[in-house]
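As a basis for the values below, the full set of heavy atoms in this structure was taken, side chains included, without hydrogen atoms, waters or symmetry mates.
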Amino acid sequence: MADTVDRPARKPRKPRHATVARTERLTPHMIRVVLAVDPADRPEIGEYTDHYVKLVFAPEGVVYPEPLDLEAVRRDLPREQWPRTRTYTVRAWDAAAGELTVDFVHHGDEGLAGPWAAAARPGDGISFMGPGGGYAPDPAADWHLLAGDESALPAIAAAVEQLPPGAVAKVFVEVAGPAEEQKLLGPGDAEVVWLYRGDRPVGEALVAAVTALDFPPGDVQVFVHGEAGFVKELRRFVRVDRGIARERLSVSGYWRRGADEDGWQSSKREWNAEVEREQEAGGQP
């Protein structure tokens, strides 16, 4: 698995259509939405545990013709009527039923996708693009390190479920508080540590816990995703301080404090290049 600080550019894909089948409030700040995908246009979702889709949201009051043609929308409508996209991990895919499960972090009226998930009702429609993805637990690894915040929890949970039987994993998840815990179950030997943020900055507790870990011997495969600030710190730790090879890392900033996804995605490539330069100059072998 290559270092995925930045995912490679992909060719534009035509949106697929889905309807809300059901929703569930998992924790005070996590909502699960199960989407029924059009049988004629079901995605190919396979071996990756970090499969993701880009959900397409129209501005308020704007209705697009079906089937959605993004090229036509951008050609024929003014920019303020163009859709916005939000990237979410595929928590589960039931190919037989054609159901796609997506978990949303919800903080009241803040953001775009969270409020949509809170208001979603069976029968509501939504379009999405994808899937993408690039990580899955490697059965050949001696042990696994998984770390992230709420935004990475769906991918971490999916990875724990797909760990090989008996595989050793050290799992660190930072959440707001005890009420945000979820059961992470799988056939592997996963030691799960829940870290409660409280009033501290996001990632502070996570960085402290991971950097204090007594690393077991052997080949480790690393998955670190979430807020860009702590991702940068932990990437430096595993690459420079621990000397872990780039090809054993899946590391990505899913979001960044002070920026919505539109702003973050527009600056992410440049930010990643800067991180790479800084850390390579810092002594990485």
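From Glu150, atom CD reaches atom OG1 of Thr27 across 8.5 Å, with rounding to the nearest 0.5 Å. Separation of atoms CD1 (Ile156) and OG1 (Thr49) is listed at 10.0 Å; rounding is to 0.5 Å. Of the inter-residue distances, the one linking Asp94 atom CG with Thr101 atom OG1 reads 8.0 Å to the nearest 0.5 angstrom. Rounded to the nearest 0.5 angstrom, Asp142 CG and His144 NE2 are separated by 8.5 Å. Note: Leu68 CG to Met129 CE = 8.5 Å, rounded to the nearest 0.5 Å. A distance of 5.0 Å separates CZ in Phe215 from CZ in Arg242, rounded to the nearest 0.5 Å.
In the hydrophobic clustering of ILVMFWY residues, with side-chain heavy atoms under 4.5 Å counting as a link, Ile31 and Val102 come out together. A continuous path of hydrophobic side-chain contacts links Val37 to Val90 [ILVMFWY only; heavy atoms under 4.5 Å]. Residues Leu55 and Trp93 share a single hydrophobic cluster, defined by chaining ILVMFWY side chains whose heavy atoms lie under 4.5 Å apart. Put simply, Phe230 and Leu195 are part of the same group of oily side chains (I, L, V, M, F, W, Y) that touch within less than 4.5 Å, one to the next. When hydrophobic clusters are built by joining Ile, Leu, Val, Met, Phe, Trp and Tyr residues whose side-chain heavy atoms come closer than 4.5 Å, directly or via intermediates, Leu185 is not grouped with Val175.
At a cut-off of 3.5 Å, with distance as the only test, no side-chain donor of Tyr135 or Glu47 sits close to an acceptor on the other residue. Side-chain contact annotation: His225 with Ser151, donor-acceptor N/O pair under 3.5 Å absent.
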Under 3.5 Å, sequence neighbours excluded: what are the donor-acceptor pairs made by side chains of residues 158-174?
from: Glu161; atom 1: OE1; to: Arg91; atom 2: NH1; distance (Å): 3.3
from: Glu161; atom 1: OE2; to: Arg91; atom 2: NH1; distance (Å): 3.4
from: Glu161; atom 1: OE2; to: Arg91; atom 2: NH2; distance (Å): 2.7
from: Lys170; atom 1: NZ; to: Glu191; atom 2: OE1; distance (Å): 2.8
from: Glu174; atom 1: OE1; to: Gly203; atom 2: N; distance (Å): 3.2
from: Glu174; atom 1: OE1; to: Ala205; atom 2: N; distance (Å): 3.4
from: Glu174; atom 1: OE1; to: Leu206; atom 2: N; distance (Å): 3.0
from: Glu174; atom 1: OE2; to: Arg197; atom 2: NE; distance (Å): 2.7
from: Glu174; atom 1: OE2; to: Arg197; atom 2: NH2; distance (Å): 3.3
from: Glu174; atom 1: OE2; to: Gly203; atom 2: N; distance (Å): 2.7

Under 3.5 Å, which donor-acceptor pairs do the side chains of residues 112-123 form with other protein atoms, sequence neighbours left out?
from: Arg121; atom 1: NH1; to: Ala118; atom 2: O; distance (Å): 3.4
from: Arg121; atom 1: NH1; to: Ala119; atom 2: O; distance (Å): 3.3

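Side-chain contact between Leu234 and Val207 is present, with heavy atoms from C-beta onward closer than 4.5 Å. Residues Val210 and Leu145 meet the side-chain proximity criterion, which asks for heavy atoms closer than 4.5 Å. The shortest side-chain heavy-atom distance between Ile244 and Val222 falls under the 4.5 Å cut-off. With a 4.5 Å cut-off on side-chain heavy atoms, Val251 and Phe223 do not count as touching. Residues Arg16 and Arg42 form no side-chain contact, since every pair of their non-hydrogen atoms from C-beta on lies 4.5 Å or further apart. Using a 4.5 Å cut-off on side-chain heavy atoms (C-beta onward), Phe128 and Pro15 make no contact.
When every heavy atom of Gly253 is checked against every heavy atom of Val231, the shortest pair comes out as N-CG1, 4.0 Å. Summarising the geometry of His51 relative to Gly46, their closest heavy-atom pair is NE2-N, 3.0 Å, with the distance given to 0.1 Å. Here the closest heavy-atom approach between residue Pro28 and residue Ala179 is recorded as CD-O, 3.4 Å. When all heavy atoms of Ser250 and Asp50 are compared, the closest pair comes out as OG-OD2, 4.5 Å. Scanning both residues, His17 and Ser127, for their nearest heavy atoms gives ND1-OG, 4.1 Å. Minimum heavy-atom separation, Ala155 to Tyr254: CB-OH, 4.1 Å.
Around CD of Glu110, the count of heavy atoms belonging to other residues, nucleotides or ligands within 6.0 Å does not exceed 12. Around the CG atom of Asp76, the shell of radius 6.0 Å holds more than 12 heavy atoms that belong to other residues, nucleotides or ligands. For CD of Glu66, the number of neighbouring non-hydrogen atoms (other residues, nucleotides, ligands) closer than 6.0 Å is greater than 12.
Side chain of Gln182 to backbone of Met30: no donor-acceptor contact under 3.5 angstrom is found. Formation of a donor-acceptor pair under 3.5 Å by the Arg246 side chain with backbone atoms of Leu249 is not found in this model. Glu99 places no side-chain N or O within 3.5 Å of a backbone atom of Leu35 that could act as its donor or acceptor partner.
Judged by the 6.0 Å and 45° rule, Arg32 forms no cation-pi pair with Phe104.
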Inset, instruction - Take Val20 and Val34 through the side chain to side chain contact (heavy atoms under 4.5 Å, CB included) test and state the conclusion after the steps. - result: CA-CA 6 Å; Val20 175; Val34 179; over 6 Å; no

Inset, instruction - Take Thr85 and Phe57 through the side chain to side chain contact (heavy atoms under 4.5 Å, CB included) test and state the conclusion after the steps. - result: CA-CA 6 Å; Thr85 61; Phe57 296 93; over 6 Å; no

Inset, instruction - Mind running side chain to side chain contact (heavy atoms under 4.5 Å, CB included) on Tyr64 and Leu70 for me, showing each step along the way? - result: CA-CA 9 Å; Tyr64 302 129; Leu70 290 179; 5.9 Å; no

Inset, instruction - Under the side chain to side chain contact (heavy atoms under 4.5 Å, CB included) rule, what do Leu153 and Leu184 come out as? Steps first, then yes or no, please. - result: CA-CA 10 Å; Leu153 180 51; Leu184 304 186; 4.1 Å; yes

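The salt bridge (Lys or Arg N to Asp or Glu O under 4.0 Å) contacts involving residues 216-231 comprise Asp219-Arg248, Glu227-Arg257, where partners must be two or more places apart or lie in separate chains.
In this structure, the ring of Tyr88 has its center no less than 6.0 angstrom from the ring center of Tyr52.
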